[in-house]
Amino acid sequence: MSMSSNEIELLDGKLVAENPPASAVLSRLNDYFQLTKPRIVLLELIVAAATACIAAPHAIDAVVLFHALAGTALVAGSASMGNQLIERNIDAHMPRTAQRPLPAGRITIWETALLCMLTLCLGTLWLVLKVNLLTAVLGLASWIIYVVIYTPLKTRTPLNTAVGALAGALPLLMGWTATGQPLTLTAYALAGVLFLWQFPHFMAIAWIYREDYGKAGHKMLSVVDPSGWRCGLQAIVGALFLIPVSLIPAVLPAGRSPISYSLWAIGLGGIILALSVRFAFERDDRTARQLLKATLIYLPAWMGVLLMVSL
Ligand code: HEM
Ligand SMILES: CC(C)=CCC/C(C)=C/CC/C(C)=C/COP(=O)(O)OP(=O)(O)O
């Protein structure tokens, strides 16, 4: 359907306009948005929000939660920008990432650096002023681990995944500390689940894109060990420990209806474990993609069950 010159439409997830200047502005804003790795950040925010509700089920302050999520989104988006700034030349050599705004030349290094610093400062200040210092410090720690430590390690050692998993797990704790509740064993157990979840999640991805990673010089486990056995084993180990760690909240006093939660946790974790074992033995793209999809279903499903038994 033709648009009038002033209309703006959402097409394939992007805002488009008929009017050329408006279209150029929207296209640039979309590129800035893509720099934040929005789907990863969105799942992080869902996890953080759910954790806040679990931490303070009957005393959640919606305004504080909003500020916590806004600040976390800014800091997480900044981290993704910093990561893409550092990896712009490597990203240009992988089909999966070559069309990103920086390697594709749609935005400049200086724009990205400025936006990265602006969103980091704004997000951190927002958390300090509207949430609390601990949440801001956790956000800064996650930013530093992801941008300054994990990103450079990607071309040096397969241990990069464990470091990235630490950065990926901290936003969960930010959701907890945003409520003002002290960090308990349950909080660390939830963060432990998110930490362990990232191994089956990424080992599947590392296998699917093993050739890209090899050509780009990334030292992922699938490149260091082309047989895929170590990839499969690391996915299994992460999935194996995921199950007992996810059961910790059930045995703690705060946990209501521990039996039903435990059955869900064992069932969901068991699926990830079974698919990890299947990927380890078959080591093909089909079983890797099944495992990746299952990990992306596991996290919201596990959080949903936790919320149901906590509220
Ligand atoms: C060591 C940690 C992690 C690594 C190395 C990693 C890596 C990746 C990569 C490379 C992709 C793109 C796959 C593709 O293009 O098909 C991806 C997808 C995804 N990741 Fe992860 N990830 C990690 C942790 C996380 C965490 C902590 C979350 C959120 C809680 C997350 C959420 C997602 C989501 C939602 C997708 C699918 C959407 C998309 O393709 O952008 N990941 N991950
Ligand atoms: C508050 C805060 C700072 C939160 C940070 C949350 C966050 C962005 C975690 C990243 C998890 C992770 C290692 C993603 C993969 O990046 P990658 O560089 O391996 O992915 P790529 O290969 O697609 O670039």
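Just the heavy atoms: all of them, side chains too, but no hydrogens, waters or symmetry mates, feed the values below. Whatever order the structure lists ligands and atoms in, that order sets their numbers, starting from 1. If you read the sequence from its start, that first residue is 1, and numbering goes on from there. Keep in mind the model is a prediction, meaning the values are calculated, not measured.
Protein heavy atom nearest atom 13 (C) of ligand 2, with residue, atom name and distance: Tyr146 CE1, 3.7 Å. In terms of protein heavy-atom proximity, atom 33 (C) of ligand 1 is closest to Ile40 CG1, 3.5 Å. In terms of protein heavy-atom proximity, atom 43 (N) of ligand 1 is nearest to His201 NE2, 3.1 Å. Tyr150 OH, 2.5 Å is the protein heavy atom nearest to atom 19 (O) of ligand 2. Residue, atom and distance of the protein heavy atom nearest to atom 15 (O) of ligand 1 are Arg96 CD, 3.2 Å. For atom 4 (C) of ligand 1, the nearest non-hydrogen atom of the protein is Phe202 CD1, 3.8 Å. Remark: minimum distance from atom 22 (O) of ligand 2 to any protein heavy atom is reached at Arg96 NH2, 2.8 Å. The single protein non-hydrogen atom nearest to atom 3 (C) of ligand 1 is Gln198 OE1, 4.1 Å, given as residue, atom name and distance. For atom 8 (C) of ligand 1, the nearest non-hydrogen atom of the protein is Ile205 CD1, 3.5 Å. Ranking the protein heavy atoms by distance from atom 14 (C) of ligand 1 puts Tyr209 OH, 3.4 Å first. Nearest to atom 28 (C) of ligand 1 among the protein's heavy atoms is Trp197 CZ3, 3.7 Å.
Between the CH2 atom in Trp264 and the CD1 atom in Ile259 there is a gap of 16.0 Å [rounded to 0.5 Å].
Between Phe195 and ligand 1 there is no heavy-atom distance shorter than 4.0 Å. At least one heavy atom of Leu299 sits less than 4.0 Å from an atom of ligand 1.
Gln290 and Thr287 form no side-chain donor-acceptor contact under 3.5 Å, judged by distance and modelled atom types alone. Between Trp302 and Tyr261, the side chains place a donor N or O and an acceptor N or O closer than 3.5 Å (distance only, hydrogens not considered). A side-chain donor from one of Thr135 and Thr177 sits under 3.5 Å from a side-chain acceptor of the other.
Counting heavy atoms closer than 4.0 Å to ligand 2, residue Pro171 contributes side-chain atoms (C-beta onward) but none from N, CA, C or O. Contact annotation: for Tyr150 versus ligand 1, heavy atoms closer than 4.0 Å belong to the side chain alone. Of all the heavy atoms of Leu296, the ones lying under 4.0 Å from any atom of ligand 1 belong exclusively to the side chain. The proximity of Arg39 to ligand 1, defined as any non-hydrogen pair under 4.0 Å, involves the side chain as well as the backbone. With a heavy-atom cut-off of 4.0 Å, Tyr213 touches ligand 1 through its side chain alone.
Using a 4.0 Å cut-off to heavy atoms of Gly164, the atoms of ligand 1 that qualify are 1 (C). The Thr161 neighbourhood of ligand 1 comprises atoms 1 (C), with distances under 4.0 Å to a heavy atom of that residue. Contact atoms of ligand 1 toward Ala165: 1 (C) (distance under 4.0 Å to a heavy atom of the residue).
At a 3.5 angstrom cut-off on N or O pairs, Thr97 does not count as close to ligand 2. Taking only nitrogen or oxygen atoms, main chain and side chain alike, Trp143 does not reach within less than 3.5 Å of ligand 2. Considering both main-chain and side-chain atoms, Glu44 never comes within under 3.5 Å of ligand 2 through any nitrogen or oxygen pair. Residue Asp91 has no N or O atom closer than 3.5 Å to an N or O atom of ligand 2. Between Ser80 and ligand 2, no N or O atom pair is found at a separation short of 3.5 Å.
No more than 12 heavy atoms of other residues, nucleotides or ligands lie within 6.0 Å of CD in Gln99, so this atom counts as exposed by the packing criterion.
Checking Val193, Leu172, Leu194 one by one against Met303, the side-chain contact (heavy atoms from CB on, under 4.5 Å) holds for a single residue, Leu172.
A cation-pi geometry, defined here as NZ or CZ lying under 6.0 Å from the six-membered ring centre and within 45° of its normal, holds between Arg283 and Trp229.
Ring geometry for Trp197 versus His201: interplanar angle under 30°, hence parallel rather than tilted (30 to 60°).
The option with the heavy atom closest to atom 23 (O) of ligand 2, from among Arg100, Lys37, Glu87, Gln84, is Arg100. By heavy-atom distance, the residue among Met220, Met174, His218, Gln198 lying nearest atom 1 (C) of ligand 2 is Met174. Summarising the contacts of atom 2 (C) of ligand 2 with Ala79, Ser142, Gly164, the nearest heavy atom is found in Ser142.
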